[in-house]
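Structure first, then comments.
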Amino acid sequence: MPPQRENYMTMERNGDLDAIGNRGGIDVDDDSMYMEQETSERRRSSILEHIESLNEAPKTTVSDDHPAVRRQSFIRFFASSRGAPQVVFLCMLLALALGSTLGVVPAVVTDRYARLNHGYDGKDCASFVSSDKPLECLDGSADAQNAAAAASFVSNGLTFISSSLVGSISDERGRRGIMTIGIFLSLLGPTCLVLLQVIPTMSPTWYYVAHTSTGVINWVTIALSALSDVMPKKWRAPCFGLLLSGFSMGFALAPSLALALSHKGVSILSMSLVLFGFIFALCCFPETLPREISQKAVQTRADGTENETSADCISRNMLRPLKELSILNRNRLFRILSLLAFFSGMSSSGDQSLLLYYCQERLAFNDKDVAIMFMIFGSLGIFVQGILLKPMNECLGERLVIIVAFFFGAVNNFLYGIATTKSTIFVAVAVGTITGVSFPTISAIKSNNVEEHEQGRIQGALYSLSSLASAVGPVSLRVVYHFTKDNPFPGPGTMFIFGGLLYLLGSFIACALPKEQTNSSKSRPNLPHEDELEDSATSLII
């Protein structure tokens, strides 16, 4: 403490306040400045300590035999775990942000393509019903669907190349930094969507380029790995279900925003929510990867590289994405899971990319219809993922849960294909929510069958394969659409029936999953003929 400041405090304690000004004491303004500087330094020190605590890695992972796991319920353990509540909150926030523009993007992009590519100069294409739409708007819709399919292909291609590598890097460097970068990339799409409505001559291509950049770092993979770090094996499937519940809640509320706000207002809100998510990840999301697991991952990756030359090092790094993917061929379980991820990825990505365009073009969906559809999807999704999944896993086992989920996926897509009314689409969406339990269940199975230092690698590798299927899916459905759009009933809906057949095939392949590696509950009894069904499916696949 400066001597002048110390003398002042001594005189103040002795009650000699009159002597302060006469004995060369410090000025009141100087004292205030000193106090402000001291407060600022304390605040800055507190912020730095908070950031250091977020970056500090936990000591160990949590096993099924941990006392806290035996003593607490799933919900209590989840709420008190490091990072898990923050991950679910981020997922809900980003789903709300990105889901709010699902009905906006087709309308905005279709109108812009109609004006830029086909010379349209009338009122907004979204204001017409499907039977009265000008030819330019229909052509703009076709351009928008082709652009969405191409963007999906590129984005998923980037994810296929990078996801397993990024997951492996997160096993070594931690989840927090990579998760934050992934959320920042998610901010670029909403920003371009806002600019698209501000600048009348801006091409929608800029939006799709920004959107495809999210394929470089897919933050969902890192989120799943972060949950695997802090949750015991027996609770990973319901925990992943809670993650998807966050998505469902966001998507349930998101389209309703379009009813209260204009397209531009919704886009600005979406950009603001993603920006808040990015700041929240910077300030509140802690590191979940234990230091000992990180060190083991680094040591494992470094084995055999001590005597390599510079050329060998370059070659190893160039081939590393393919090497990380090789984990998918480790055993029969992973090969079957890979097939399931591929078929479900093809069908689900086609639905996500093309269903809204199809409904707006063929069934005259407006913002209110989109809001109802996503309210059904979100509210039932919350129930299925957050409440129903855990007892399903305990009663049926993960293997049968996947079979049931894929069967419902087939029914869901078949209903899309034959739909001639809006109500049929709403029923199909309700049925399709059961399909959603396959994703957290498959993610839990792969997480439970690898070492702790391979969590990021396996999540990334299977997500890479799923993204490859997602790149091929919309293009495949568009090819089916091209050859069947002029046919009699179901005509253009045939592309969704094709997606349903992929789910049906996946349901049969899931019968070959080995129960001893798939089901985390060892006490569940076998159902009648379950072993025979597994043997017959395995013999046909292998």
Side-chain angles (χ1 to χ4, degrees), residues 89-115 120 122-130 133 137 140-141 144 147-148 151 183-204 206-208 210-211 214 246-280 352-353 355-361 363-379 381-382 422 425-426 429:
F89 174 75
L90 278 171
C91 288
M92 183 183 69
L93 186 68
L94 294 176
L96 179 63
L98 302 178
S100 63
T101 60
L102 285 177
V104 174
V105 171
V108 171
V109 172
T110 292
D111 185 76
R112 184 58 55 86
Y113 273 128
R115 297 179 189 278
Y120 179 66
K123 61 181 182 179
D124 196 310
C125 290
S127 63
F128 296 96
V129 296
S130 59
K133 277 190 177 181
C137 290
S141 176
I183 295 174
F184 173 77
L185 292 177
S186 298
L187 178 62
L188 301 181
T191 303
C192 285
L193 184 61
V194 172
L195 294 176
L196 189 64
Q197 297 170 80
V198 173
I199 305 173
T201 58
M202 181 177 175
S203 171
W206 289 105
Y207 166 77
Y208 287 114
H211 180 69
T214 58
F247 272 110
S248 298
M249 184 175 295
F251 279 114
L253 300 175
S256 302
L257 299 174
L259 302 178
L261 300 172
S262 65
H263 285 172
K264 184 187 295 185
V266 172
S267 303
I268 293 173
L269 178 62
S270 174
M271 181 183 69
S272 303
L273 289 174
V274 180
L275 179 61
F276 175 73
F278 173 69
I279 296 172
F280 178 84
Q352 294 166 10
S353 299
L355 180 61
L356 275 178
Y357 293 96
Y358 178 83
C359 290
Q360 289 180 348
E361 179 183 344
L363 300 175
F365 263 52
N366 53 32
D367 288 344
K368 182 179 179 180
D369 298 320
V370 172
I372 293 173
M373 182 171 69
F374 279 95
M375 181 63 71
I376 294 171
F377 171 79
S379 56
I382 293 170
K422 296 177 181 180
I425 294 292
F426 296 149
V429 170

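- Separating the NE2 atom in His211 from the CG atom in Leu193 is a distance of 11.0 Å, to the nearest 0.5 Å.
- Rounding to the nearest 0.5 Å places CG of Leu196 at 9.0 Å from OH of Tyr208.
- In plain terms, the two heavy atoms of Ser270 and Ala97 that are nearest each other are OG-O, 2.6 Å.
- Here the OG-CD1 distance, from Ser262 to Ile268, works out to 7.5 Å after rounding to the nearest 0.5 Å.
- Between Phe276 and Phe89, the ring-plane angle classifies as perpendicular under the 30° and 60° cut-offs.
- Counting heavy-atom neighbours within 6.0 Å of Phe278 CZ, excluding the residue itself, gives a total above 12.
- Remark: Leu96 CG to Leu273 CG distance equals 5.0 Å, nearest 0.5 Å.
- Evaluation of the side-chain hydrogen bond (donor to acceptor under 3.5 Å, both in side chains) rule for Ser272 yields no partner, not counting sequence neighbours.
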Point to revise | Derivation and outcome, side-chain contact (heavy atoms from CB on, under 4.5 Å), residues Leu355 and Cys359 | key: CA-CA 6 Å; Leu355 180 61; Cys359 290; 3.7 Å; yes

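- The shortest heavy-atom contact between Val104 and Ser267 is CG1-OG, 3.9 Å.
- Considering every non-hydrogen atom in both Cys125 and Tyr120, the closest pair reads SG-CE2, 3.8 Å.
- The OG1 atom of Thr214 sits 12.5 Å away from atom CD1 of Ile183, with the distance rounded to the nearest 0.5 Å.
- Contact detail for Leu363 and Lys422: the closest heavy-atom pair is O-CE, 3.2 Å.
- Among all heavy-atom pairs drawn from Met202 and Cys192, the shortest one is CE-O, 3.9 Å.
- Here CD1 of Ile382 is found 10.0 Å from CZ of Phe377. Values are rounded to the nearest 0.5 Å.
- The closest side-chain heavy-atom distance from Phe280 to Leu90 is below 4.5 Å.
- Looking only at distances, a side-chain donor or acceptor of Thr101 sits under 3.5 Å from a matching main-chain atom of Leu98.
- Distance alone, capped at 3.5 Å, places no donor-acceptor pair between the Arg112 side chain and the Gly140 backbone.
- Here the closest non-hydrogen pair linking Asp111 and Lys123 is OD1-O, 4.2 Å.
- Annotation: side chain of Tyr207 is in contact with side chain of Val105 (closest heavy-atom distance under 4.5 Å).
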